[in-house]
Chemist: 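Starting off with a structure, shown below.
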Amino acid sequence: METNAAFAGVTCTDCAETFEAADAPGRCPSCGGVLDVEYDYDALDVSRETFEDRGERSQWRYRELLPFAREAAVTTDEGGTPLVSVPALAEEFGVEAVYVKDEGRNPTGTIDDRAQSVAATAAREADATDVALASTGDDGQSAAAYAARAGLESHTFVPTRASFTNKAMVNVHGGDMSVVEGRIGDADAAFADAVDEHDDWHPVQVFSTPFAHEGLKTTYFEVAEALDWTAPDHVINPTGRGAGLYALYKAATEVADLGLVADVPQVHAAQAEGCAPIVRAFEEERDSHEPWDAPDTICGRIEIPDPVGSPLALEALRESGGDAVAAPDPEILEGATSLAESAGLELGASSGAAVAAAYALHERDAFDADDVLVLVNAGAGSKDDDILRSHLMGKGI
Ligand SMILES: [Zn+2]
């Protein structure tokens with residue numbers, strides 16, 4: 001594998017052993033733990049101008065802080081998404097500014113494109129022929145797209161409840177799809193069995209490979225640069241597997257340690273009450289989650305009852321001084337539809353959790369008058385048109 005100069009291997013977050021990238025494409029070969037990419041930051045020679053002087057708008061603008069060279073990238077120009085201000089919310093919360101980082105504007109309409117770009121690059125660098133993942137829908141669609149771009153076969157395991165759009169688009173990209181009866185836990189199990197059987201399949205699911213969540217970091221780099229290299233005070237992230245949350249925190253500490261940005265924001269987790277293992281673990285002050293027994297939320301994207309990367313997400317919450325909020329489905333859907341109506345923004349149903357959590361944090365007096373808030377919209381609202389419209393019809397609209 002051809003990696004960047006500062007790339008220093010992948011390290012197990014459980015047993016702390018470090019491996020060469022080529023030796024550990026999935027989980028830790030020693031203990032099965034989640035692997036994370038490490039860099040030799042002293043070997044990095046970057047400044048704000050390094051990035052500002054580039055014409056490139058895609059996430060590969062921040063190539064030095066990714067594992068692979070720009071020439072190697074499997075990319076459809078993901079990233080470069082706008083940070084859109086929502087003055088009405090800022091006024092309501094009594095804060096300086098509220099922004100939505102609108103990841104729905106990515107090539108397949110989700111933040112997952114950032115992850116799949118880097119994961120597909122890793123797979124191609126490893127001379128893989130096939131990639132595989134279990135998916136609630138969006139990342140499966142994205143993985144199929146990036147596998148197609150890279151000339152790889154993709155194998156996606158989705159639960160029956162995944163949306164029609166996601167399933168259809170996996171097919172449209174020429175991907176192989178297994179629709180697994182049940183929910184995401186059943187799809188995860190089918191994926192694990194299939195990977196055991198096909199040991200040449202390269203995993204591309206977040207936390208099943210170190211290279212997927214690594215791509216999600218670029219979301220934060222863009223936020224910091226858009227705010228003229230300052231950190232927002234709060235970032236509120238809709239949270240399922242916890243990869244986005246951890247990546248935001250990792251990115252924030254990287255640019256702080258490199259002296260590009262002075263501060264690190266508080267990162268907050270937003271989950272649905274019907275499946276909130278990370279929120280519960282945070283409230284009970286545990287270092288990892290207990291699997292959620294009976295997940296039940298309309299927000300399929302974040303319905304992850306057994307998020308294997310929870311220790312990393314919980315570390316991000318605690319180290320950054322953040323909080324964790326579980327909101328009921330109607331408040332989450334109201335969060336998404338209210339911004340559609342009042343601000344013209346199209347948030348995915350699950351990302352309404354970030355809006356609902358912002359209201360809850362406001363109630364908890366978490367915000368100061370000079371605070372800047374960023375809410376992450378992880379996916380395009382139009383992918384969830386039926387769920388969002390049903391919410392309005394439920395209100396008699
Ligand atoms: Zn290990």
Side-chain angles (χ1 to χ4, degrees), residues 1 3-4 6-41 43 65-68 115-116 118-123 125-128 130-134 139 143 157 184-185 187-217 239-251 253-254 257 277-278 281-282 285-291 304-319:
M1 265 194 206
T3 47
N4 270 339
F7 177 88
V10 292
T11 297
C12 178
T13 58
D14 280 349
C15 74
E17 201 176 333
T18 297
F19 304 88
E20 297 286 332
D23 297 334
R27 295 268 181 81
C28 173
S30 294
C31 77
V34 170
L35 295 170
D36 198 23
V37 174
E38 301 263 1
Y39 301 87
D40 175 5
Y41 295 109
L65 294 166
L66 293 172
F68 304 106
Q116 291 306 319
V118 179
T121 303
E125 285 295 302
D127 294 326
D130 296 65
V131 299
L133 78 167
D139 51 347
F157 295 81
I184 186 64
D188 276 335
F191 161 65
D193 287 347
V195 170
D196 279 347
E197 201 175 313
H198 304 274
D199 59 8
D200 58 331
W201 285 7
H202 196 102
V204 290
Q205 182 177 310
V206 290
F207 294 145
S208 289
T209 170
F211 299 111
H213 69 268
E214 194 64 14
L216 298 174
K217 290 190 315 186
T239 299
R241 297 190 189 273
L245 193 73
Y246 174 63
L248 285 166
Y249 176 68
K250 184 179 181 184
T253 55
E254 280 180 345
D257 290 348
I278 290 174
F282 180 79
E285 298 183 2
R286 284 190 276 105
D287 293 332
S288 65
H289 75 286
E290 295 284 335
I304 306 291
D306 191 12
V308 66
S310 70
L312 296 177
L314 289 160
E315 177 190 312
L317 294 174
R318 296 211 172 95
E319 293 287 320

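Indexing begins at 1, ligand by ligand and atom by atom, following the structure's order. Index from 1, following the sequence.
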Chemist: Please name all residues satisfying ring-ring contact (aromatic ring centres under 6.0 Å, His included) with F207, sequence neighbours left out, ordered by chain then number.
Modeler: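 Only H213 meet the ring-ring contact (aromatic ring centres under 6.0 Å, His included) criterion with F207.
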Chemist: Just the protein N/O/S atoms under 2.8 Å from the Zn ion (ligand 1), please, no waters.
Modeler: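 Listed by chain and number: C12 SG, C15 SG, C28 SG, C31 SG.
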Chemist: With sequence neighbours excluded, what pairs up with Y249 under the ring-ring contact (aromatic ring centres under 6.0 Å, His included) test?
Modeler: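 Per chain and number, Y249 pairs via ring-ring contact (aromatic ring centres under 6.0 Å, His included) with no residue.
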Chemist: Between N4 and L66 (side chain of the first, backbone of the second, donor and acceptor by atom type, cut-off under 3.5 Å), is there such a pair?
Modeler: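 Yes, the answer is positive, given that a donor and an acceptor are paired below the 3.5 Å cut-off.
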Chemist: Answer whether the closest heavy-atom distance between the side chains of V34 and V308 falls below 4.5 Å.
Modeler: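 Sidechains of V308 and V34: in contact.
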Chemist: Identify, with sequence neighbours excluded, every residue that meets salt bridge (charged side-chain N to carboxylate O under 4.0 Å, His left out) alongside E315.
Modeler: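 None.
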Chemist: Output the distance between atom OG (S288) and atom CD1 (I278), rounded to the nearest 0.5 Å.
Modeler: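 Between S288 OG and I278 CD1, I get 10.5 Å after rounding to 0.5 Å.
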